[in-house]
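This report concerns only the one structure given below.
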Amino acid sequence: MARSGPKIGIFGGTFDPPHLGHLRVAEEVRESFPLEEIWFIPAGSPPHKERAYLPFTERLHLIELSIRENPYFKVLDIEREEKPSYTLKTLEKLSNLYRDKDFYLLLGWDAFMEMESWWNYQEFLHFASLIVFSRGKGNWNEASRVVDERAKRIWGPKAQGKVFFIEVFPMEISSTTIRKLLLEGRSIRYLVPEAVYFYLREKRLTSP
Ligand code: ATP
Ligand code: MG
């Protein structure tokens with residue numbers, strides 16, 4: 001059933017730590033789709049990843065600091081208790097809690113490519129539409145077709161009008177790179193929001 005309420009982007013991830021790539025893609029998808037709001041949802045303990053570098057409460061806090069000035073961005077802690085956290089369960093919970101909202105799951109290209117290893121991904125479209133966006137530089141001419149084909153293979157005719165691809169400005173930043181810089185004692189300034197930089201510096205997790 002189609003929902004007529006506000007279009008909300010659901011942006012899940014480990015955000016370990018959040019960086020400017022996350023914020024920029026969220027902003028661009030919100031603006032160009034367009035969506036009314038983007039809800040950031042840090043993963044409790046992602047099933048397909050090893051343990052996070054920063055604990056959940058710290059990742060949540062860093063997102064809060066990062067999005068404070070943006071009225072269209074919100075952060076939800078609904079995966080706090082979930083160990084491991086399943087995207088499908090989160091989507092189901094959200095659609096029960098917010099019955100009027102029209103949800104769109106945001107997935108970067110890499111996340112979309114590994115989606116078929118996620119728990120019950122075939123059920124995603126019951127609760128949300130899907131917006132896949134480009135990640136980094138590259139030739140994205142074929143991406144829209146690849147997304148369409150995959151969507152048709154997985155969801156059949158139900159995918160019609162529910163799965164989208166958007167090319168966004170390339171931001172070659174990953175949390176992996178940032179963690180590596182932190183571990184080497186190097187600066188992460190200007191790769192992350194200033195508030196994240198100052199917080200981690202305060203915690204002596206990055207160089208002065
Ligand atoms: P890690 O290196 O730890 O995997 P990450 O930078 O990939 O971290 P995640 O928290 O894994 O960040 O990503 C959450 C979502 O954000 C995913 O859908 C991912 O594709 C997307 N994403 C992260 N960084 C970028 C970026 N620089 N450009 C586009 N999409 C991104
Ligand atoms: Mg990642």
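What you see below is based on every heavy atom in this structure, not just the backbone, and it leaves out hydrogens, waters and symmetry mates. All of these numbers come straight from a predicted model, not from anything done at the bench. One-based numbering, in listed order, for ligands and for the atoms of each.
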Any nitrogen or oxygen of [X] lying under 3.5 Å from a nitrogen or oxygen in ligand 1? Just yes or no.
X      : result
Gly108 : yes
Asp110 : yes
Thr176 : yes
Phe15  : yes
Ala111 : no

Would you say Arg30's side chain and Val25's backbone share a donor-acceptor pair under 3.5 angstrom?
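It does not hold such a pair.
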Would you say Ser129's side chain and Leu125's backbone share a donor-acceptor pair under 3.5 angstrom?
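No, the answer is negative, given that no donor and acceptor are paired below the 3.5 Å cut-off.
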Step through the shown structure and confirm whether more than 12 heavy atoms of other residues, nucleotides or ligands are within 6.0 Å of CD on Glu184.
yes
Please state whether [X] comes within less than 4.0 angstrom of ligand 1, counting heavy atoms only.
X      : answer
Glu172 : no
Ser134 : yes
Gly12  : yes

Atoms of ligand 1 less than 4.0 Å from [X] heavy atoms?
X      : value
Ser174 : 2 (O), 6 (O)
Ile173 : 24 (N), 26 (C), 27 (N)
Gly13  : 10 (O), 14 (C)
Ser175 : 1 (P), 2 (O), 3 (O), 5 (P), 6 (O), 8 (O), 12 (O)

For Thr177 and Ser174, test the side chains for any donor-to-acceptor distance below 3.5 angstrom and give the result as yes or no.
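Per modelled atom types, Thr177 and Ser174 side chains form a pair under 3.5 Å.
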Between [X] and [Y], ring centroids under 6.0 Å:
X      : Y      : answer
Phe40  : Phe73  : yes
Phe133 : Phe165 : no
His61  : Tyr199 : yes

As a check for students: among Phe40, Phe169, Phe133, identify the option with a heavy atom nearest to atom 21 (C) of ligand 1.
Phe133
Kindly identify the option in Lys180, His19, Arg135, Arg179 whose heavy atom sits closest to atom 19 (C) of ligand 1.
Arg135
Ala195: which residues meet the side-chain contact (heavy atoms from CB on, under 4.5 Å) condition with it, sequence neighbours left out?
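By the side-chain contact (heavy atoms from CB on, under 4.5 Å) rule, Ala195 matches Leu65.
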With sequence neighbours excluded, residues passing side-chain contact (heavy atoms from CB on, under 4.5 Å) with Arg150:
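Listed in chain order: Phe112, Met113, Glu116, Arg153, Ile154.
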